[in-house]
2 protein chains.
Amino acid sequence: MTTLVDVARKANVSKMTVSRVINHPDKVTDELKELVYQAMRELDYHPNMIARALVDKSTRIIKLCILEDIDTTEPYYMNLMIGIAKTLDLHQYSLQLVTRKNFDIGNCDGYIITGMREQDVDWIKNLKKPVVLFGENRYGFDYVDTNNKAGTYILSQLALEKGYQHLIYVGIDSKESFEYSRESGYLQQVQEKRMVPELHRFDNHSHLAEEFVEQNWDKIPKNTAFICASDRLAIGIERGIVRCGGKIPDDFGVTGFDGVFLNQVASPKITTIKQSIIEMGSACGENLLDKIESNEQQGALVFEPKISFGGTLRE
Amino acid sequence: MTTLVDVARKANVSKMTVSRVINHPDKVTDELKELVYQAMRELDYHPNMIARALVDKSTRIIKLCILEDIDTTEPYYMNLMIGIAKTLDLHQYSLQLVTRKNFDIGNCDGYIITGMREQDVDWIKNLKKPVVLFGENRYGFDYVDTNNKAGTYILSQLALEKGYQHLIYVGIDSKESFEYSRESGYLQQVQEKRMVPELHRFDNHSHLAEEFVEQNWDKIPKNTAFICASDRLAIGIERGIVRCGGKIPDDFGVTGFDGVFLNQVASPKITTIKQSIIEMGSACGENLLDKIESNEQQGALVFEPKISFGGTLRE
DNA sequence: ATCTTCCATGTTATCGGTAACAGTTTATTC
DNA sequence: GAATAAACTGTTACCGATAACATGGAAGAT
């Protein structure tokens, strides 16, 4: 492996000059810089990150901590990791997957945390390394997320444009920030149109939504669209309607949120918000690395939602 | 952060002695060792992996390279990563997720490769760091996998015990080693019972298996069990049988292989081989780390298959 | 023309460990 | 009991980089 010294020898300069060419190129004359660059090229030199890390007491490790139960069937986290890993690789950082349990084993330069709930706030506040959350929050932590409010807002709008006359919101029964945002997107749309909002909340299981439809079938008028906070709930609603003999999308509309896996087994497919988790993961990594290098708050990174058209809203 | 020198000072020895207590404890007297251990405890000392890595030119990075298309809906790779990460964490290694494209960016101490095909063999042979494959192979590479042959063998056996009188094997149309093994497990069972084998092969898509059943429905006698090389194919067979009016499990049996995701949406659930990918991932990590530290071939690690009972074979 | 000041470069020490060698003590041998 | 081997422990150099300080020469000030 070629080292700084090899390059220095070849370029006839001290190794410090080489180091400077890499880290503070403005402090070296163009002439020498050219020599050094050439030597680096000829020797195919790549700085040894380990040595550098030893000096500046860094680790070049980023820990990804998934606080939710990850034993799910969703490719969500896989995509997230792929996205993060992609960025980190480019900057020669490596990704370490940890759980709350082995969180403190080994050092790192920063954290990406996802699935944060209220109870985790203090813990996160006390972390001594930069943190970026994946998922919006209202505690001032930097984060990356889809614009949740805009998502339900535009889906509600679309449903109304398609002529559905009642909009029922089916939310997740949790106090997480994204849920509030999704609710408020629906509410805003409904209020702008001077309609009466109707909200229901369940744990995020399709069968609960399905039961809800079955038990309230007689009270649900035709021409209703359900704006759901997740694809999972949307699938449940869809199944409930089908089972009760309702016609989708002619008499009833359904929209979801997520666009990851479940959408692929539903029939017809749910019209939903598509989130490019990979892309968002990349952004997450970049945000964190910027933060590490600049030591400054980077702010939130919000992705504008895109509708993924399925067959659960009229054409 | 406490260092070797801090510990040495506290224990009144040289830092070399502390280093030896950690790496070659047999070369230090018990008396000093005790002193050092105590100092380490009191100071909560943890060796700096970066410094160590600088000396022995290691990186403490393991690259996981997934050669197949990972944009699937299976949680398979997620589980694999969780398993690997678990072990690596314990040994203060970190996991880097790479694709063939960015494979060479940055150094590492070893590779875990999955999804290898014939065309990758030469490339893998030329890698200069230890490699463990996830998935069996016949090129002499160390690997971790389920005992594929035993899997179809015991499923075939089970089907026969349940009284099905014909066994049809539905395989994946590929030349990968695991497929050969699964075929041979079926074949061995069938031959032991002096039955006539019947094999069909398709790309690993459920609809192909489904079409096969529909097109050959009249030729398939009652009391047949289908031994499938994947859950995906099994689901297709199941759907085909249901669509043609066949009764599962009374008149027809179906078994799969994998037990990861698809099993959860099938109705009835497929009787299949359950693979604990997480556990296998851990084993993979351990195997590789042993190899790195001992510099010796570790051999294959084969997990014995376990049947996951669904509703596609008679009670 | 001499004294600063500034800028580009080189030298030294350091990060936290480990290997190789040196020195010291204890045990073994004849 | 002196010579020699064996067993510990300490010293020094080094891994590959960077920061802080030292040096030397050119430009600017007086």
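Excluded from the calculations below are hydrogen atoms, water molecules and symmetry mates; all remaining heavy atoms, backbone and side chain alike, are included.
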With sequence neighbours left out, what residues match A/Asp290 under side chain to side chain contact (heavy atoms under 4.5 Å, CB included)?
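So A/Asp290 forms a side chain to side chain contact (heavy atoms under 4.5 Å, CB included) with A/Gln298.
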For B/Phe303, ring pair (Phe, Tyr, Trp, His ring centres under 6.0 Å) partners two or more places apart
none
Could you tell me how far apart [X] ([atom1]) and [N] ([atom2]) are, to the nearest whole angstrom?
| X | N | atom1 | atom2 | result |
| --- | --- | --- | --- | --- |
| A/His46 | D/dA17 | NE2 | C1' | 16 Å |
| A/Ile50 | D/dT18 | CD1 | C1' | 16 Å |
| B/Met16 | C/dT18 | CE | C1' | 5 Å |
| B/Asn107 | D/dG16 | CG | P | 12 Å |
| B/Asp56 | C/dA20 | CG | P | 12 Å |

Stems field, DNA chain C, Watson-Crick or wobble, 3.5 Å, at least 3 pairs, by first number, holds C:1-30 with D:1-30
Do [X] and [Y] have side chains that get closer than 4.5 Å, going by heavy atoms?
| X | Y | value |
| --- | --- | --- |
| B/Asp145 | B/Phe134 | no |
| A/Val98 | B/Asp89 | yes |
| B/Tyr93 | B/Thr87 | no |

Would you indicate whether [X], at its atom [atom1], is surrounded by more than 12 heavy atoms from other residues, nucleotides or ligands within a distance under 6.0 Å?
| X | atom1 | result |
| --- | --- | --- |
| A/Gln119 | CD | yes |
| A/Lys291 | NZ | yes |
| B/Glu304 | CD | yes |

For A/Ser94 versus B/Ser94, what's the shortest heavy-atom pair and its separation?
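Smallest heavy-atom distance, with atoms named: OG-OG, 2.9 Å.
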Where do A/Glu136 and A/Ser181 come nearest, in terms of heavy atoms and distance?
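Closest heavy-atom pair between A/Glu136 and A/Ser181: OE1-OG, 2.6 Å.
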Taking DNA chain D as the partner, which of residues 17-40 of chain B come within under 4.0 angstrom of it by heavy atom?
B/Thr17, B/Arg20, B/Val28, B/Thr29, B/Leu32
Does a side-chain N or O of B/Tyr45 approach OP1 or OP2 of C/dG17 to a distance below 4.0 Å, or not?
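So the side-chain polar atoms of B/Tyr45 do come within 4.0 Å of the phosphate oxygens OP1 or OP2 of C/dG17, strictly under.
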Output the distance between atom CG (A/Leu288) and atom CG (A/Leu64), rounded to the nearest 0.5 Å.
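Interatomic distance, A/Leu288 CG to A/Leu64 CG, rounded to 0.5 Å: 10.5 Å.
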Restricting both atoms to N or O, compile the protein contacts to nucleotides 13-15 of chain D shorter than 3.5 Å, with distance only.
| from | atom 1 | to | atom 2 | distance (Å) |
| --- | --- | --- | --- | --- |
| D/dC15 | O3' | B/Lys57 | NZ | 2.9 |

Could B/Arg41 and B/Glu34 be called an ion pair, given the rule that one side-chain N must be under 4.0 Å from one carboxylate O?
yes
One thing to verify: whether A/Glu42 and A/Lys10 come together as a salt bridge, which I'm taking to mean a side-chain N less than 4.0 angstrom from a carboxylate O.
yes
Nucleic acid contacts - residues 4-11 of chain A versus DNA chain C, non-hydrogen atoms under 4.0 Å
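Under 4.0 Å from DNA chain C: no residue of residues 4-11 of chain A.
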